[in-house]
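This report refers to the structure that appears directly beneath it.
The figures that follow rest on heavy atoms only: side chains count, while hydrogens, waters and symmetry mates do not. These figures come from a predicted structure and were not determined experimentally. Letters A, B, ... are given to chains in the order of the sequence lines, protein chains preceding strands, and every chain is numbered from 1.
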Amino acid sequence: MSDEVGSEEGEAFESLDFIREWVRNDNEAGTYGGRVQTRFPPEPNGFLHIGHAKSIFLNFRLAEEHGGTCFLRFDDTNPETEDISYVDAIKQDLAWLGVTPSGPDKFASDYFGQLYDWAEDLINKGLAYVDDQDAETISAQRGGFGQPGVESPNRDRPPEENLGLFRQMRDGAFDDGSMALRAKIDMQSDNMWLRDPVMYRIRRVPHHRTDSQWILYPTYDWAHGQSDAIEGVTHSVCTLEFADHRALYDWFLDQLDLPSDQPRQNEFARLNITHTVLSKRVLRTLVEEGHVDGWDDARMPTIRGLRRRGYPAAAIEAFVERIGVAKTNSVVEVELLESFVRTHHNKSALRRMAVVKPLKLTITNWPEGHVVMVDANNNPEDPDAGTRQVPFTGELWIEQDDFKLDPPPKYYRLTPGREVRLRSAFFVTATDAVVDDDGNVIEVLATYDPATEGGSSPDGRKVKSTMHWVSAPHAVDATVHSYDRLFTAEHPGSGDEDRQPLDDLNPASRETTQAKLEPALADVAPGQVVQFERLGYFAADVDDARVFHRTVGLRDEWANIQKRKKS
RNA sequence: UCCCGGGUAGUUCAGUUGGUAGAACACCAGACUUUGAAUCUGGCCGUCGCAGGUUCGAGUCCUGCCCCGGGAGCCA
């Protein structure tokens, strides 16, 4: 045990990711006097998904590892898309993930006053100017890749005039979009973000926190680094698409009289997962076009969706820690995530029997009306989980897939003449089957061996297969949703130039059946995850415990055998 | 076209001051098994993007090239 811990520590020390190494180096060099402060800065305009979880655990654990602090800050600089409901949802999701901000939540909007004052400072220093050209003109003047921009005719407006105009902008003298405050940097820069970026725009839109106090709203670039500095952030970690903004982040900070050490930005690659889309735009379309039931549909990669699906926060964290953080653009296989979910539930989930696609099995030599209570293990992985009593009768439900009139090769399950074990109960031998007009098996007839009670034969006879079952007179009804990938393609929307992720939507991503459950399953709490033996892990719905979602199936050797045969 | 990032097993990542490549997941096989699960054991897979150069020796250093991702919102 102690050896294991020791080697884990050694390993962790040797394989720090580049972000952790960056922070550690700063610490050793005393850059921030041993202080580490990070932040998770979502814009409250949507729901968190598993991609955010990567950033969340990185930021929060990074701070913890150094005894530092990490705040939740809402980057609420664009009132047009934001809403207070998202603020609440994000806080709930964060709490569910199990991270706790170091103090009260922060909002970029809390700094609108300070940001405004700093903007006036830049104007006075001749480093910012009011441009009364429209957005289209400004964009055109910005130039292109490899072509320099052209300077705005307003670029050399004297500071006093800029200051007057800026105050008038603030006080409502101009129309929305008619004027902007721009930083005066370098229209020739190779970095587009340095070609006099916009700092303020006029928007007469009420803000979810400041209401109509402001009509002037700072852009992301003008707000972000300054918010970091105000809060005392030391290491500002974001995703790769902001790499080009770093020069601007630094430029702004360089011009100001900061209340603390200057924070620095570093970027890592965002998370991509096969058969999954993490684009907010596409996710929104899925919801709006009704391809899923909502943001919290169990097929959604949102935190709320994963929770409904039965993915535990601890497994999500283990997953994001395992994939690590790098600058390499990468696509992780969903199977890796699923394996963490299985590993987690395998240790703790109670084992229960449930028949998801029921087929009637009648034991012809069973004494009429007789009920036997059999003892069944609650979790072979956990000796403390104990056992439970399960009623067994001559009228049972078994899985449709567990009986074949005409079995394929290597099929171990029930078929006429074959004896199998009904888990924890008896050996049974199929004798006959009732078939309907379409050739579908609607009932299996079998005999049982009374000497095999408990599931083993005194003569040492072996069976090839053990199957789950539910006593029909005792069965509890439930609705079970079994899920397949939401997108059939490994990389949705890739391939053809104009192929869209939605083109790869799986029309059969959810199969809903009416299941038969053993009586103990009536006691499952909403949100609880149990293992339906031989089928997988299933989560009782968070709102209705009579509805189950298949979290993830068990590894399925039989399915692999069939798949191999096909190809 | 210009700038910034990347390119190591199927996938994600390690590879310490240069000494001819590792882990996890996936896959395959065996053992065990009252879940075709779990567990245990073993195995497979690499022209370290390409080509040159420096060196006794390069995934690691140098040069050139190729490929992939991001960047021209008054979005974040």
Answer with base, sugar-phosphate or nothing: what part of the nucleic acid does [X] contact at a heavy-atom distance below 4.0 Å?
| X | value |
| --- | --- |
| A:T77 | sugar-phosphate |
| A:I138 | base |
| A:V463 | nothing |
| A:R246 | nothing |
| A:E321 | nothing |
| A:G324 | nothing |
| A:F74 | nothing |
| A:L422 | nothing |
| A:R195 | nothing |
| A:R351 | base |
| A:K410 | base |
| A:F340 | nothing |
| A:P380 | base |
| A:S424 | base |

What I want to check is whether an N or O donor and acceptor connect the side chain of [X] with the base of [N] at under 3.5 Å.
| X | N | value |
| --- | --- | --- |
| A:R322 | B:rC13 | no |
| A:E333 | B:rU12 | no |
| A:R534 | B:rG36 | no |
| A:H245 | B:rA76 | yes |
| A:E267 | B:rG5 | no |

Gap in Å between the two [atom1] atoms, one belonging to [N] and one to [M], rounded:
| N | M | atom1 | value |
| --- | --- | --- | --- |
| B:rG57 | B:rA14 | P | 30 Å |
| B:rU33 | B:rC45 | C1' | 30 Å |
| B:rC2 | B:rA72 | C1' | 11 Å |
| B:rG64 | B:rU60 | P | 16 Å |
| B:rG18 | B:rC48 | C1' | 14 Å |
| B:rU16 | B:rG10 | P | 22 Å |
| B:rG46 | B:rC61 | P | 25 Å |
| B:rA29 | B:rA58 | P | 40 Å |

Indicate whether [X] forms a stack on [N]; treat it as stacked only if centroid distance is below 5.5 angstrom and interplanar angle below 30 degrees.
| X | N | result |
| --- | --- | --- |
| A:F145 | B:rG71 | yes |
| A:W558 | B:rG36 | yes |
| A:W193 | B:rG71 | no |

Do [X] and [Y] sit within salt-bridge range, that is, some charged N less than 4.0 Å from a carboxylate O?
| X | Y | result |
| --- | --- | --- |
| A:R20 | A:E321 | yes |
| A:E557 | A:R564 | yes |
| A:D132 | A:R157 | yes |
| A:E518 | A:R388 | yes |

If you only use heavy atoms from C-beta on, which nucleotide in [options] is closest to the side chain of [X]?
| X | options | value |
| --- | --- | --- |
| A:L554 | B:rA72, B:rU35, B:rC74 | B:rU35 |
| A:Y220 | B:rC13, B:rA76, B:rG36 | B:rA76 |
| A:D244 | B:rG5, B:rC28, B:rG71 | B:rG71 |
| A:T328 | B:rC74, B:rG6, B:rC25 | B:rG6 |
| A:E241 | B:rU35, B:rA76, B:rG5 | B:rA76 |
| A:S330 | B:rG71, B:rC13, B:rC74 | B:rC13 |

B:rG73 glycosidic torsion: syn (within 90° of 0) vs anti: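 It is syn.
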Please check the phosphate of [N] (OP1 and OP2 only) for any side-chain N or O of [X] closer than 4.0 Å.
| X | N | value |
| --- | --- | --- |
| A:R564 | B:rG36 | no |
| A:R142 | B:rC74 | yes |
| A:R201 | B:rC75 | yes |
| A:N560 | B:rG36 | no |
| A:S139 | B:rG73 | yes |
| A:R342 | B:rU39 | no |
| A:T274 | B:rU11 | no |

Nearest-angstrom distance from the residue atom CZ of A:R555 to P of B:rG36: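 Atom-to-atom, A:R555 to B:rG36, this comes out as 12 Å.
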Using whole Å, report how far CG of A:L16 lies from P of B:rA23.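 It is 21 Å, rounded to the nearest whole Å.
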Which class fits the ring pair A:F538 and A:F532: parallel under 30°, tilted 30 to 60°, perpendicular over 60°?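 Parallel.
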Angle class for the A:F112/A:H207 ring planes (parallel below 30°, perpendicular above 60°, tilted otherwise)?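 Rings of A:F112 and A:H207: perpendicular, over 60°.
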Within the 3.5 Å criterion, strictly below it, is a donor on A:D134 or A:T137 matched to an acceptor on the partner's side chain?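 Yes, a side-chain donor-acceptor pair sits under 3.5 Å.
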What I want to check is whether the side chains of A:D83 and A:S85 have a donor and an acceptor closer together than 3.5 Å.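 A pair is found: one side chain offers a donor N or O, the other an acceptor, under 3.5 Å apart.
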Side-chain donor/acceptor of A:S152 to backbone N/O of A:N154, under 3.5 Å: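 Checking the backbone N and O of A:N154 against the side chain of A:S152, a donor-acceptor pair under 3.5 Å is found.
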Counting only Watson-Crick pairs (N1-N3 plus N6-O4 or O6-N4) and G-U wobbles (N1-O2, O6-N3), all under 3.5 Å, who is the partner of [N]?
| N | value |
| --- | --- |
| B:rG5 | B:rC68 |
| B:rC32 | none |
| B:rA24 | B:rU11 |
| B:rU60 | none |

Identify, between A:D190 and A:E82, the residue whose nearest nucleotide on RNA chain B lies closer to the 5' end.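 That would be A:D190.
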Given that A:N379 and A:D75 both sit by RNA chain B, which one's nearest nucleotide is further toward the 5' end?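 It is A:N379, whose closest nucleotide lies nearer the 5' terminus.
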Verify the neighbour count for atom CZ of A:R270: are there more than 12 heavy atoms of other residues, nucleotides or ligands below 6.0 Å?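 Check fails, neighbour count at 12 or below.
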